[in-house]
S.K.: 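What follows is a single structure, and I will ask about it in a moment.
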Amino acid sequence: MASGSDFALAVSSELESVLRLKTVDYFITRRPWLDLYGVNVRPVAPFGSASRRPYVDPALIHRSLPDELLFEVFTRMTPYDLGRAACVCRKWKYTIRNPVFWRNACLKAWQLSGIVENYKILQSKYYGSWRKMWLLRPRLRTDGLYVSRNTYIRAGVAEWKITNPVHVVCYFRYMRFFPSGRFLYKNSSMKIKEVVKCMNFRSSKADCVFGGHYTLSDDKVEAAVLYPGMRPTVLRIRLRIRGTTAGANNRMDLMSLVTSGVNSSEASVPEEDILGVVEGWQDDETHNPDVPAVSHKRGMTPFVFVPFEEVETSVLNLPVEKMDYFVPG
């Protein structure tokens, strides 16, 4: 028969083992989302490091997908998708730091500047880092639409009432830019989820989508678009790019908006050359006495960028009664 002291010793040792297991369980946090990549993912040393030794990667996706194929997948991704993929694991993070991905993105975004000029800017301002150039240099985004939401008050007609009713009218300015220096412009009361379907060069005249040309200098944008018709009118737009975070470029301030008349010879030029025609014009200059130059002061709300994958869920689709004000920031 065991004595009382023996029983006490047995209980204390059992409690000690339980406490030890709880301590180990406390330090080893369970992360089920890492099962696909292996429980213990070894960090990948930078290229050229002395600690770089061949080893078998325990991650299932890395053992199934060779590095060559992984590299080919990354080359076909957009820069914003690369940023999301860099958050998956350390290996992807170091792989995506390869300057090849960011060089291709930069040369495509600023193709109007030319390869030689881009290399000069890279060395003089961004210390040879293509990724830093992508994040810090102002650029126009081409993976969505820039939208400016404007409202104004319009008095209605009184019917069997003492006071006139008041209506809040909401309309939008849409701009879609292309790396080639062309852009599309549309002024409409339609919501963005409806307009995005016709913001392309295949749109018909009934869609009222007009094409123009733009130039980018630092963070300043000069754009012009021609309205054809009985009285051709050119719309001259000056914009300034900014972003809520580094590399976002998701805001554009409308600095100037001027409409002017053009003569018949100027109205016959292709739409991509209209910017060269009006270059150097004064704000009050017009070439058609029937269409005076007007510098607009209202409806100058900043543009907000909406990616294509967010057009269906954007708050800009809400009606006026649900969004009576909108501050783009």
Side-chain angles (χ1 to χ4, degrees), residues 24-111 113 115 118-144 179 219 241-251 304-311 313 329:
V24 172
D25 187 51
Y26 174 78
F27 284 109
I28 303 178
T29 307
R30 300 183 181 277
R31 298 180 176 87
W33 58 87
L34 291 179
D35 291 344
L36 179 61
Y37 306 100
V39 179
N40 298 317
V41 180
R42 179 179 176 180
V44 179
F47 183 79
S49 174
S51 61
R52 192 177 182 88
R53 296 190 300 270
Y55 69 98
V56 178
D57 198 325
L60 176 60
I61 189 173
H62 295 158
R63 286 189 278 116
S64 303
L65 188 66
D67 293 344
E68 294 80 6
L69 293 181
L70 186 64
F71 188 88
E72 290 296 328
V73 171
F74 288 155
T75 55
R76 288 161 173 78
M77 296 173 63
T78 64
Y80 292 94
D81 291 335
L82 287 175
R84 299 186 186 99
C87 302
V88 172
C89 62
R90 294 184 179 182
K91 180 175 181 178
W92 287 23
K93 176 182 177 181
Y94 287 118
T95 304
I96 291 172
R97 287 297 182 96
N98 193 317
V100 173
F101 305 126
W102 306 103
R103 181 189 62 190
N104 296 337
C106 290
L107 293 179
K108 181 179 180 180
W110 294 285
Q111 60 182 256
S113 301
I115 298 179
N118 282 323
Y119 270 91
K120 290 181 180 179
I121 296 175
L122 175 72
Q123 299 298 332
S124 61
K125 295 184 178 181
Y126 304 104
Y127 307 100
S129 173
W130 291 103
R131 183 172 177 272
K132 185 177 293 185
M133 180 177 177
W134 175 265
L135 292 175
L136 302 180
R137 186 179 176 184
R139 57 184 166 75
L140 287 168
R141 296 185 59 173
T142 59
D143 56 330
D219 61 342
I241 308 174
R242 59 184 175 90
T244 54
T245 57
N249 296 288
N250 54 355
R251 298 290 187 273
V304 177
F305 183 79
V306 181
F308 288 127
E309 60 267 19
E310 298 179 9
V311 294
T313 59

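Numbering starts at 1 and runs along the sequence shown. All of these numbers come straight from a predicted model, not from anything done at the bench.
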S.K.: Test of understanding: with side chain to side chain contact (heavy atoms under 4.5 Å, CB included), list the residues that count as partners of P99, not counting sequence neighbours.
M.R.: W130

S.K.: Are the side chain of R76 and the backbone of E72 linked by a donor-acceptor contact shorter than 3.5 Å?
M.R.: yes

S.K.: How close do N118 and W110 get, heavy atom to heavy atom, and via which atoms?
M.R.: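 Reported closest heavy-atom pair: ND2-O, 3.0 Å.
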
S.K.: Quick one: closest heavy-atom pair of D81 and R84, and the distance?
M.R.: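 Smallest heavy-atom distance, with atoms named: OD1-NH1, 2.7 Å.
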
S.K.: May I ask you to test the Y126-L136 pair for a side-chain heavy-atom distance under 4.5 Å?
M.R.: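 Counting from C-beta outward, Y126 and L136 do come under 4.5 Å.
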
S.K.: Rounded to the nearest 0.5 Å, what separates atom CZ in R141 from atom OH in Y80?
M.R.: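 The distance works out to 3.5 Å.
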
S.K.: I'd like to know whether M133 forms a side-chain contact (heavy atoms from CB on, under 4.5 Å) with W102, so could you lay out the CA-CA distance, the side-chain angles of the two residues, the decisive distance to 0.1 Å, and finally the verdict.
M.R.: CA-CA 9 Å; M133 180 177 177; W102 306 103; over 6 Å; no

S.K.: Hey, what do you get for CZ (F305) to CG (L140), rounding to the nearest 0.5 Å?
M.R.: 10.0 Å

S.K.: To the nearest 0.5 Å, what is the distance between CG on N250 and CZ on R242?
M.R.: 8.5 Å

S.K.: Applying side chain to side chain contact (heavy atoms under 4.5 Å, CB included), can you list everything that pairs with A85, at least two apart in sequence or on another chain?
M.R.: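 So A85 forms a side chain to side chain contact (heavy atoms under 4.5 Å, CB included) with F74, M77, W92, I96.
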
S.K.: For the atom pair CH2 (W134) and CZ (R139), what is the distance rounded to the nearest 0.5 Å?
M.R.: 3.5 Å

S.K.: Hey, does the side chain of R103 reach the backbone of N98 with a donor-acceptor pair shorter than 3.5 angstrom?
M.R.: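 No: the side chain of R103 does not pair with the backbone of N98.
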
S.K.: For the SG atom of C106 and the CD1 atom of I115, what is their distance to the nearest 0.5 Å?
M.R.: 12.5 Å

S.K.: Rounded to the nearest 0.5 Å, how far does CZ of F308 lie from OG1 of T142?
M.R.: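 That separation rounds to 8.0 Å.
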
S.K.: I'd like to know if the side chain of T75 pairs up with that of N104 as donor and acceptor (distance under 3.5 Å, no hydrogens or angles considered).
M.R.: no

S.K.: Got R251 and V304 here, is their nearest side-chain heavy-atom distance under 4.5 Å?
M.R.: yes

